[in-house]
Each structure stands twice: as structure tokens, then as C-alpha cells.
Amino acid sequence: MAPATPARTADHVPGPAPGRVLILGAGLAGMRAALAARQAAPGLDVLLVCPRLSPSGSSFANRNNALGVQAPLPDEAAAFVDEALRLAAPGFADPVLVRALAADAPLRVEELLDGPGGLALSFRRDAKKRLLRFTGCFSPHPRALVFDGLGQAHAAFVERLRALGVRFLAGREALEIAVADGRARGALLVSRRDGRVLKVAASAVIVATGGPAPLFGRRICGPGPGGGLSYGLLAQAGASLVNTRLLQFFWCRAGDRAFVNPGSLPWETLAPELAHMAQERLAHCPASYSLPDATLDRWLCAKRSADGLLRLPGQPALALYAHAGNGGARIDAQGRTDVPGLYACGECAGGMHGAQRLGGGMVLSALVFGARAGEAAAREAAALKMGGGPDHAPLPVPPCSGLDLPLEPGFLPALRAGMDRHAQPYSAQFGAAREAFAAWLRGAAERAASARQRLLARSALLVLEGEKKGTPGCVRLAGSV
Ligand SMILES: Cc1cc2nc3c(=O)[nH]c(=O)nc-3n(C[C@H](O)[C@H](O)[C@H](O)COP(=O)(O)OP(=O)(O)OC[C@H]3O[C@@H](n4cnc5c(N)ncnc54)[C@H](O)[C@@H]3O)c2cc1C
């Protein structure tokens, strides 16, 4: 248990607290949630927190400068749902959430196009201006659309949100969700510039702080300040999480992180008995957890040296890189976690993807559950405002300790090196070194002076040990650090 006394007195955010929806994280999920919240209840204060206003994270700053989105048409919905559920094992996918993706896809994608009121993103089209449809990873069916220009997409969202009256609170990071009487009441934000703590009361809180890939040293997630602590933040607030171990990993060249699909390796010379799986492996970039071609990834992992590098004859050194998570807070169809007043969407929400995610499925889920969470949170906040509900009081909880303290020197590199070594798929799952690493994380999660350090350690533990707790991939960590 960390001591409960705050290191600094917290300020309060300016502006009206009653009827406020507070959104943490301004990637695609957070932006879409803000749009929906403001549209559903224009009189509400919708506050969007971001570490910086310029593009960051995987949605708007990923190295491809493009995103694919699953866009099943109404007559493809049933096939989409069947396919997504078939790919779920050994993870958990809730059919209700998968059906929600299919049901909302046409409308959510339409809003990104150049029709009336659309955001006019740069979708790839053929010479006749028809939208091009692509296959996504793990699927032979061309249901995905692709847009280029993430900076332009970011600008389009920011402009729309500003026009609607959404307020941006830039330069801040959320390090604690305030929960009192079993209900989310706001969050504690820390200034990146001077460490000042800001208390923000709200009627509903939406967590959209992205995925766990920043916990790894070898990673190809979008860059940006902070990141990687979503699981800890949600678990600390009492939310149940699901599929936390199930990240996507890509094989890349160790030097320049250029992507290499293992299906393209010379299997006839490497291991002729496995060569028949190479074609199937070419159909998806991330390593699979349960498909037959996972045998290839397992074979490659077993050949890695202690430094995690794979050196095959005549090939550049390769390594596995963390790309994105397929887990997060378990939500219902409206994006609600099991903590009243607390919502989650995007890469920190789980249950709509299993172990193998359809390529383009995360962008669709950020849009669909961002919109659903934003709308439901706004309605809940509006109802509380009408009833003179609990949001009228200032934040009723003392901040946890160490909100303004930086990480200890060397903590993050050690955490990332340990995650590379022990939390990648097909790595030795047991053994003394792994146990020692888990114990070190546990100690940091409980006793580190810095709140950020505790959250990162807790997030890392959820990735490392998620499936230890019973239900496949499902954990519940109640209470506060
Ligand atoms: C190279 C690459 C290519 C990809 N291609 C595809 C694709 O084609 N199709 C697809 O479906 N998916 C793709 N993905 C995955 C997808 O981009 C992400 O999963 C998705 O965009 C995540 O959106 P998000 O809004 O949840 O998180 P992000 O876009 O990562 O945004 C999270 C935001 O929260 C902020 N934040 C973090 N911590 C805090 C905090 N404590 N307080 C406040 N703010 C915080 C971050 O700064 C960031 O801006 C790709 C990922 C990568 C890395």
C-alpha cells in the first residue's frame, strides 16, 4: 500500500463541474467519444485530456501514416461476426460486442467519408473514385477500407470538436481515476511541464488512453509521451479486464524495424517439414496464438538468442516487436466498465476482439465504442445534472501519493527489457528469472513512491500474468494501489 497523503495540494479544473464528461486520451477513440458526447447532449461540458495537442499514439502518429478499417456492409455483417468469433480462441470475445461492431460499421465509416457532414479523410480509391476494398490480416474477405494522412485526419477531428465546443486540456496526463462510493467521480491529472496536480470532477469518465505496447522495449506502436499505463489505471479504479496477455507482435528487422512476414522466409531450407504453412502465414502480419501456422513463429522463437534476436543464415537479425493489444477493460455494448460512471473505448477496452483480431478491427472498434461510450456517458451525465446528482460536489477523494513524482532512473528501461524477455508470446513462461521479474513488478506496483511507476508496474503485471487468475485472459484487481 502506498501512503495516502498527497505530495502536493491539487488544483481544481476551471469551468462547470455539473454535467461534465471527462475523456482521457485523444486518439481516435477519445476523439470519437468526445464528438458523440457533445452531439448527444450539447449543454454538457465535454473535456478532452491529452498529453499534447499534436498527433501522438497509434491512431494519429503511427509509422504507416495510414489506417485500415473493417467496413462490413449490412449483407456482410453475419459473416464478419462469425469470422471474428472463430478467431477469438484462446482469448475471449463477447458476441454482443462483435455484433455491435458489425451493426454500427456502415454509419461510423460513412462519417469519415466526404458526404454531407463527413470528415473527408483521404480514403484510397480507384480511378473511378470508388472506394478500394482490401483484405485485412486473418481474413480472405476484402471488407476493409484504408485512409492515408494521419496528420490530416487528426486536424479534421480537432477542427470538428472545437466547432462543437469540446474543450481540450492539453499537456496533462491522467494518473488516477477518482472513485468514491463505488462510482467514478473524475480524475487526477498531472501537468507534464511542472508536475502540478489538477483535480477534475466529472459525472462520467471515459478512458481512451491506448494500449500496452509502450511497456515493451521492442515496440512499433505510435510514439508519444506517457502511454502504456491504461491497464493499471483501469484496474486501480476497480474495472475488470480481459485478454490482457494478448498483444499483437510483429517480426521486424532489428536494425530499422522494417516488417518481415515470416511466411516469406526460405522455409524449404530452414525447416522443409514446415514449409507448407508459409502461405497461410503470409495472410497475417501479427503472430497468431492458435492457428496452425503459429508453429512457424514458435519455431523461430525457439531459435532466438538470449538477447531476443533471431539470426538465421543469410538473413538480417529479426526480433518480435509489440504492436497493439487485444485486451483491456471489459465493457458492455455501451462502453461501460463494471465501475459505475466509468467507460472505456479503443485499445484499452476489451471483449470485442479475441486473440486474433481482424486487420482493421481496432480502428472500427475505436470508432464504434468511442461513439457508443461518448453517447452513453453524455446521457448519464445529463441525467445526473438534471437530478442534482453527485457530480455537483467537488472531488470527494484525496489524491493518491506520488502523483507528481517522476520514475526512478533506470526503472522504465528495466521494465521494458523484462517485458521483452518474459512477456512475448512463446517465450519461456516459467522459470526463476521470470518469477523474479514478476516479483520486482509486484513490489513496484505496491510500493514505488511515484504513482506513474506503480501504474506502469501494475499494467506490466497484467500483461505478464493476466491468464493466471482463472477465466482465460480475465483478471480482476479490485481496490486502489
Ligand atoms: C504502425 C501501426 C499500424 C496500425 N494499423 C492499424 C490498422 O490499419 N487498422 C487497425 O484497426 N489498427 C491499426 N493499428 C492499431 C490502431 O492504430 C490502434 O490500436 C488504435 O488507433 C488505438 O486508438 P486509441 O484511440 O485507443 O489509442 P491511441 O491512438 O494510441 O491514443 C491514445 C492517446 O492517449 C494518450 N494518453 C496516453 N496515456 C494517457 C494518460 N495517462 N492521460 C491522458 N492521455 C493519455 C496518448 O498520448 C494518445 O494520444 C496500428 C497500430 C500501429 C502501431
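Every number for a ligand or one of its atoms is a count from 1 in the order of the listing. Computed from a predicted model, the values in this text were never measured in an experiment. The first residue in the sequence is number 1, and the count goes up from there.
Under the 30°/60° scheme for interplanar angles, the aromatic rings of Tyr289 and Tyr426 are found to be tilted. In this pair, Phe60 and His154 present their aromatic rings perpendicular. The plane angle is above 60°, beyond the 30 to 60° band.
Of the candidates Ser365, Ala170, Ser59, Ala208, it is Ser59 that places a heavy atom closest to atom 23 (O) of ligand 1. For atom 52 (C) of ligand 1, the candidate residues are Arg257, Arg32, His323; the nearest heavy-atom contact is made by His323. Summarising the contacts of atom 46 (C) of ligand 1 with Gly27, Ser56, Gly224, the nearest heavy atom is found in Ser56.
For the atom pair CG (Asn65) and CG (Leu150), the distance works out to 4.5 Å, reported to the nearest 0.5 Å. For the atom pair CG (Leu282) and CG (Asn261), the distance works out to 5.0 Å, reported to the nearest 0.5 Å.
Ligand-side atoms of ligand 1 in range of Val363: 9 (N), 10 (C), 11 (O), 12 (N), range being under 4.0 angstrom from any heavy atom. Atoms of ligand 1 lying under 4.0 Å from at least one heavy atom of Gly360, given by number and element, are 9 (N), 10 (C), 11 (O). Near Gly57, meaning under 4.0 Å from one of its heavy atoms, ligand 1 places the atoms 30 (O). Near Cys221, meaning under 4.0 Å from any of its heavy atoms, are these atoms of ligand 1: 53 (C). Remark: ligand 1 atoms within the under-4.0 Å shell around heavy atoms of Glu347 are 18 (C), 19 (O), 22 (C), 26 (O). Contact atoms of ligand 1 toward Leu229: 41 (N) (distance under 4.0 Å to a heavy atom of the residue). The contact set between ligand 1 and Gly222, taken as ligand atoms under 4.0 Å from a residue heavy atom, comprises 53 (C). Counting the atoms of ligand 1 from 1 in the order shown, those under 4.0 Å from a heavy atom of Gly346 are 26 (O).
Under the 4.5 Å side-chain criterion, counting only non-hydrogen atoms from C-beta, Leu265 is in contact with Leu300. A heavy-atom distance below 4.5 Å is not found between the side chains of Asp297 and Phe249. No side-chain heavy atom of Leu461 sits under 4.5 Å from any side-chain heavy atom of Arg458.
By the 3.5 Å distance cut-off applied to N or O atoms, Met362 is counted among the residues near ligand 1. Looking at Ala174 next to ligand 1, an N or O pair under 3.5 Å apart turns up. Of the polar atoms of Arg172, none of the N or O atoms is found under 3.5 Å from an N or O of ligand 1, judged by distance alone. Between Ala29 and ligand 1, a contact under 3.5 Å exists for at least one N or O pair. For a threshold of 3.5 Å applied to N or O pairs, the pair formed by Gly226 and ligand 1 contains no separation below that value. For a threshold of 3.5 Å applied to N or O pairs, the pair formed by Leu28 and ligand 1 contains at least one separation below that value. At a 3.5 angstrom cut-off on N or O pairs, Gly68 counts as close to ligand 1. Close N/O approach between Ser58 and ligand 1 is found [any backbone or side-chain N/O within under 3.5 Å].
Of the heavy atoms in Ile220, only backbone atoms (N, CA, C, O) come closer than 4.0 Å to ligand 1. In Ala366, neither the side chain nor the backbone holds a heavy atom less than 4.0 Å from any atom of ligand 1.
With hydrogens and angles left out, the side-chain atoms of Gln453 and Glu408 include a donor and acceptor closer than 3.5 Å. For Asp194 and Ser191, the side-chain atoms include at least one donor-acceptor pair closer than 3.5 Å.
Nearest protein heavy-atom neighbour of atom 27 (O) of ligand 1: Gly210 CA, 3.5 Å. Protein heavy atom in closest approach to atom 5 (N) of ligand 1: Leu67 CD2, 3.6 Å. Counting protein heavy atoms only, atom 37 (C) of ligand 1 is closest to Thr209 O, 3.3 Å. When hydrogens are left out, the protein atom nearest atom 34 (O) of ligand 1 is Gly25 CA, 3.4 Å; that is the closest non-hydrogen contact.
Both tests do not hold together for Arg357 against Phe138: distance to the six-membered ring centre under 6.0 Å, angle to the ring axis within 45°.
Using a non-hydrogen distance threshold of 4.0 Å, Pro51 registers as a contact of ligand 1.
In this structure, Arg160 does not pair ionically with Glu111, as no charged nitrogen and carboxylate oxygen lie closer than 4.0 Å. Ion pairing between Arg167 and Asp45 holds under the 4.0 Å rule for side-chain N and carboxylate O.
In this structure, Ile206 and Gly374 approach most closely via the heavy-atom pair CD1-CA, 3.8 Å. Contact detail for Arg20 and Ala201: the closest heavy-atom pair is NH1-O, 2.8 Å. Between Arg454 and Ala444, the shortest heavy-atom contact is CG-O, 3.5 Å.
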